[in-house]
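All values below were derived from every heavy atom in this structure, side-chain atoms included, with hydrogens, water molecules and symmetry-related copies excluded.
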Amino acid sequence: MKKEIWFPSSDMLYEVLPKLSTKDLLKLKCVSKGWQYLMSDRSFIQGQLKKMEPLTGFFYQGRYQWCDEDYDWISFIPIERVPTEVHIDVLDFLPERIVIQDSSYGLICCRSSFPCDVPVIYICNPLNKEWKELQWPNPSRESCITLVFDPFKNPIDAFTKFKVVIVSQNETSIEGDGCFSFNIYSSETGEWRISGEICLCNHNMQKKGCVCVTGILYWLTDGDEILMFDPENEISWLIMVPLPTTQFNLTPEMCMGEAEGKLHYVLISEHGLQLWMLKDHFTSQWDLTFTISLELLEKENDKYLFKIAEKVARDYNSSYPWIGTLAFKNNILLMRVAADIYLYQFDTRKMRHLCGISALAPKPFFSATVVPYTMSLVPLA
């Protein structure tokens with residue numbers, strides 16, 4: 001007797017499939033045209049976004065420090081597979097060479113690589129290879145461009161809503177004083193608007209990208225302050241870092257990132273590895289959530305570290321210190337030790353070797369833009 005082939009009902013698929021990871025859903029898209037159509041439906045994708053997607057990896061792009069041209073070689077470092085297989089063609093579907101700026105819920109913000117005739121900004125999803133091109137007012141290599149996208153505040157059921165914020169550094173009418181201004185793009189209006197908010201600050205912005213936490217933007221400056229901007233209410237603020245640089249004998253390495261809806265600040269210094277969490281941005285109140293000495297860090301990871309305290313002290317004030325912080329996301333730190341890239345898991349206190357710097361570009365770069373990335377099915381079309 002011939003057996004009938006059983007297929008799950010649409011209701012069952014809507015119940016079960018959104019619980020799977022994006023990576024698993026990609027494999028299931030090939031099952032049938034019906035499943036592919038279902039997984040491309042905006043209401044399905046909105047439901048699937050409710051699942052906490054694990055961090056997929058990091059984009060790494062070397063950066064020239066003393067040149068007007070951009071270095072356009074972009075590598076992607078996935079963190080799930082062992083051994084790590086670095087990818088160099090993830091963003092090749094875009095129509096020109098680009099410089100990566102930011103990422104949020106699977107969408108990536110990037111800009112044209114200089115030199116070029118008409119620089120523009122791109123918002124794209126490398127998973128479905130969809131992208132939008134935005135006009136770039138007053139383009140400059142020094143601009144900091146950030147994507148603000150939160151599908152939980154602005155559901156994507158009918159339309160993918162996002163904002164783009166450009167921060168520019170200007171001089172005030174008072175000689176010697178500087179300030180930051182903000183230009184905001186809205187996908188709903190398709191227009192740019194200069195915010196009436198300015199933030200007085202005499203420090204320069206570090207080339208370490210932006211961190212977006214529940215819609216609030218944060219940038220490191222080369223002083224002991226963090227620039228904060230709320231694009232919804234158009235309020236800016238300067239937040240003091242947890243520890244001023246005057247408290248260190250050696251120049252510390254630092255970076256910022258998001259975990260569990262909070263801004264985190266990572267420090268590596270002669271005092272060890274520290275992780276701070278911002279409790280209140282208006283009072284600059286921080287909590288020290290993790291600390292480990294360099295000696296204990298080496299003891300727990302002696303496969304990768306040797307005489308770490310001695311080497312950190314030897315490279316005092318070096319342009320390329322022996323150890324460096326690259327990016328932080330979801331309690332995972334991407335770090336460089338000498339000429340190799342490692343992950344450090346704060347939960348397990350363990351390091352894992354990913355690759356050498358030489359695997360990331362034809363020319364090794366110790367100065368780079370590094371962007372955490374989590375894949376998603378979010379459509380832009």
Side-chain angles (χ1 to χ4, degrees), residues 59 99-111 121-123 134 136-138 140 142-154 161-170 178-188 192-201 203-242 254-266 276-286 327-330 369-374:
F59 283 96
V99 174
I100 194 163
Q101 298 287 296
D102 195 14
S103 177
S104 181
Y105 291 100
L107 298 187
I108 291 175
C109 176
C110 45
R111 63 165 176 82
I121 295 170
Y122 296 98
I123 307 299
L134 311 181
W136 183 2
N138 304 314
S140 167
E142 304 305 314
S143 296
C144 296
I145 307 171
T146 302
L147 172 66
V148 183
F149 171 61
D150 188 340
F152 302 108
K153 284 186 177 180
N154 297 292
K161 301 174 185 177
F162 61 86
K163 291 181 180 179
V164 177
V165 176
I166 299 178
V167 186
S168 302
Q169 195 162 10
N170 310 288
C179 69
F180 291 107
S181 60
F182 309 93
N183 205 345
I184 305 171
Y185 172 87
S186 169
S187 62
E188 294 184 82
W192 290 92
R193 181 176 57 81
I194 297 176
S195 171
E197 177 74 0
I198 63 168
C199 184
L200 297 176
C201 181
H203 301 300
N204 297 314
M205 199 172 294
Q206 288 195 34
K207 301 295 183 181
K208 291 201 172 185
C210 176
V211 177
C212 183
V213 182
T214 61
I216 310 296
L217 308 178
Y218 302 89
W219 297 266
L220 278 172
T221 71
D222 59 8
D224 289 328
E225 296 174 320
I226 296 167
L227 172 64
M228 182 211 86
F229 180 63
D230 177 353
E232 186 172 337
N233 299 300
E234 299 191 33
I235 298 172
S236 64
W237 200 260
L238 291 174
I239 303 166
M240 295 300 299
V241 298
M254 77 285 289
C255 71
M256 299 189 302
E258 182 270 341
E260 299 172 353
K262 299 288 185 180
L263 179 72
H264 287 69
Y265 183 86
V266 182
W276 296 80
M277 182 185 74
L278 182 64
K279 283 195 70 177
D280 189 303
H281 48 246
F282 290 117
T283 60
S284 298
Q285 184 180 355
W286 298 83
F328 173 87
K329 179 73 173 179
N330 295 347
T369 298
V370 183
V371 175
Y373 170 73
T374 301

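- With hydrogens and angles disregarded, no donor-acceptor distance shorter than 3.5 Å links the side chain of Trp192 to the backbone of Trp136.
- Under a 3.5 Å cut-off, the side chain of Lys163 and the backbone N or O of Glu232 do not form any donor-acceptor pair.
- Distance alone, capped at 3.5 Å, is enough to place a donor-acceptor pair between the Asp222 side chain and the Asn204 backbone.
- Ring orientation note: the planes of His281 and Tyr218 are tilted relative to one another, at an angle of 30° to 60°.
- A pairwise comparison of heavy atoms in Met228 and Ile216 identifies CG-CG2, 3.5 Å as the closest pair.
- In this structure, the side chain of Glu234 does not engage the main chain of Glu197 through any donor-acceptor pair within 3.5 Å.
- Between the Thr221 side chain and the Gly223 main chain, a donor and an acceptor come within less than 3.5 Å of each other.
- Using modelled atom types, no side-chain atom of Gln101 and backbone atom of Tyr122 make a donor-acceptor pair closer than 3.5 Å.
- Side-chain atoms of Asp102 come within 3.5 Å of backbone N or O of Leu147 as a donor-acceptor pair.
- Ring geometry for Phe229 versus Phe182: interplanar angle under 30°, hence parallel rather than tilted (30 to 60°).
- In this structure, Ser104 and Phe149 approach most closely via the heavy-atom pair OG-O, 2.8 Å.
- Not one N or O on the side chain of Lys329 forms a donor-acceptor pair closer than 3.5 Å with the backbone of Val371.
- What you find for Gly261 and Val213 is that their closest heavy atoms are O-CG1, 3.3 Å.
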